[in-house]
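Chain naming here is simple, since letters A, B, ... match the order of the sequence lines and numbering starts at 1 in each.
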Amino acid sequence: MRFATWNVNSVKARLPRLLDWLGTTAPDVVCLQETKVAGDGFPAGEVAELGYETAAYGQGRWNGVALLSRIGLDGVRRGFDGEPQFGGVAEARAISAVCGGIRFTSVYVPNGRTPDDPHYAYKLEWLAALRQALVPDLAAGPVVVAGDYNVAPTDADVWDIGVFAGSTHVTAPERAALARLRELGLTDVPARALKGDHPFTYWDYRAGMFHQNKGMRIDLVYASADVAGRVEDALVDRDARKGKGPSDHAPIVVDLKD
DNA sequence: ATGTCGGATTTAATCCGA
């Protein structure tokens with residue numbers, strides 16, 4: 001089985017690239033983030049022509065997640081039990097389904113903005129609630145939780161930790177929230193870099209950051225032990241970040257033994 | 001690093017979020 005996760009930064013803007021990438025990469029399951037379309041706006045017909053079922057959870061302008069699968073898509077859940085809201089609004093940040101015997105959850109963790117911003121507290125609450133929601137899933141069977149975590153797990157996961165002093169994505173509470181996810185039995189599946197010495201997954205559009213490889217590893221694949229033990233290969237597809245009209249994130253592609 | 005995107009509204013420059 002091959003699965004992937006990709007923050008596409010608008011599925012409408014990225015549709016030609018997404019379709020090309022599905023054709024060449026041929027994943028069985030894809031976790032998408034930042035689709036930026038309401039549920040009925042997702043281009044499910046186009047991906048269906050390539051053999052994929054779609055489950056989408058969107059709210060329009062911001063956020064939005066989806067799952068694509070060509071090996072079954074059952075038990076779909078939008079959001080999760082106990083998921084916090086922001087300002088009384090339920091944001092579209094998690095969607096879950098069973099594909100090929102694994103429960104996949106595509107997550108778009110709140111950005112946090114700055115540590116003194118209410119969005120930062122929301123981010124920590126959201127991660128803590130996600131942890132609680134995953135307990136029954138992990139008891140039930142194999143689990144993958146993949147997506148844009150908006151947290152760099154270690155100092156090596158940003159191009160220059162000195163630049164990030166006092167910034168979100170690298171603070172101890174955010175990293176502790178990921179550690180608590182791992183304590184449940186989830187493994188951070190290491191993905192290799194196709195170029196350079198570190199598997200960054202995100203490069204800001206501005207200031208030639210991609211060209212200079214000033215990136216961040218904030219897209220992660222967390223897997224239960226049975227899934228992690230089946231990993232044959234995992235890579236960051238930085239080629240998908242190249243050229244005209246890319247997302248600012250690269251996909252992670254994981255191959256499992258059948 | 002603050003150099004660009006994407007989506008929206010105030011339909012054509014500006015705002016917001018990342």
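Because its NZ or CZ atom is both nearer than 6.0 Å to the ring centre of A:F210 and within 45° of the ring axis, A:R241 counts as a cation-pi partner of that residue.
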* Structure fact -> Going 5' to 3' through nucleotides 11-18 of chain B and flagging B where a protein heavy-atom sits under 4.0 Å of the base, S where only the sugar-phosphate is that close, and - otherwise, we get -----BSB
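Spacing between B:dT11 and B:dC15 at atom P, rounded to whole Å, works out to 13 Å. Between B:dT14 and B:dT2, the two P atoms lie 22 Å apart (nearest whole Å). Comparing B:dA18 with B:dA1, their C1' atoms are spaced 14 Å from each other, to the whole Å. Between B:dT9 and B:dG3, the distance separating the two C1' atoms is 25 Å to the nearest Å. Taking the C1' atom of each, B:dT10 and B:dT4 are spaced 22 Å apart, rounded to whole Å. Nucleotides B:dG6 and B:dA12 have their C1' atoms positioned 16 Å apart, rounded to a whole Å.
Contact annotation: the side chain of A:R103 never approaches that of A:L138 to less than 4.5 Å [non-hydrogen atoms, C-beta and beyond]. Residues A:P199 and A:R192 fail the side-chain proximity criterion, which asks for heavy atoms closer than 4.5 Å. You'll find the side chain of A:L32 stays beyond 4.5 Å of the side chain of A:V65, heavy atoms only.
At whole-Å resolution of the value, CD in A:Q59 and C1' in B:dA8 are 14 Å apart. Across the protein-nucleic acid pair, A:Q212 atom CD and B:dG3 atom C1' stand 10 Å apart, rounded to whole Å. The interatomic distance linking A:K12 (NZ) with B:dG6 (P) rounds to 14 Å, in whole Å. As a whole-Å value, the separation of A:F210 CZ from B:dT2 C1' is 19 Å. If you take CH2 of A:W203 and P of B:dG3, they are 22 Å apart, rounded to a whole angstrom.
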* To do: Please assess A:W126 against A:F80 for the test ring pair (Phe, Tyr, Trp, His ring centres under 6.0 Å), listing each intermediate value before the final yes or no.
  => CA-CA 10 Å; A:W126 197 91; A:F80 53 81; 5.2 Å; yes
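Sparse packing is recorded around NZ of A:K195, with 12 or fewer heavy atoms of other residues, nucleotides or ligands lying under 6.0 Å away.
Remark: aromatic rings of A:W159 and A:W203 are distant, center separation not under 6.0 Å.
Regarding the sugar-base torsion, B:dT11 falls in the syn class, its angle being within 90° of 0.
DNA chain B is contacted by both A:G245 and A:A207; A:A207 maps to the nucleotide lying nearer its 5′ end (nearest heavy atom per residue).
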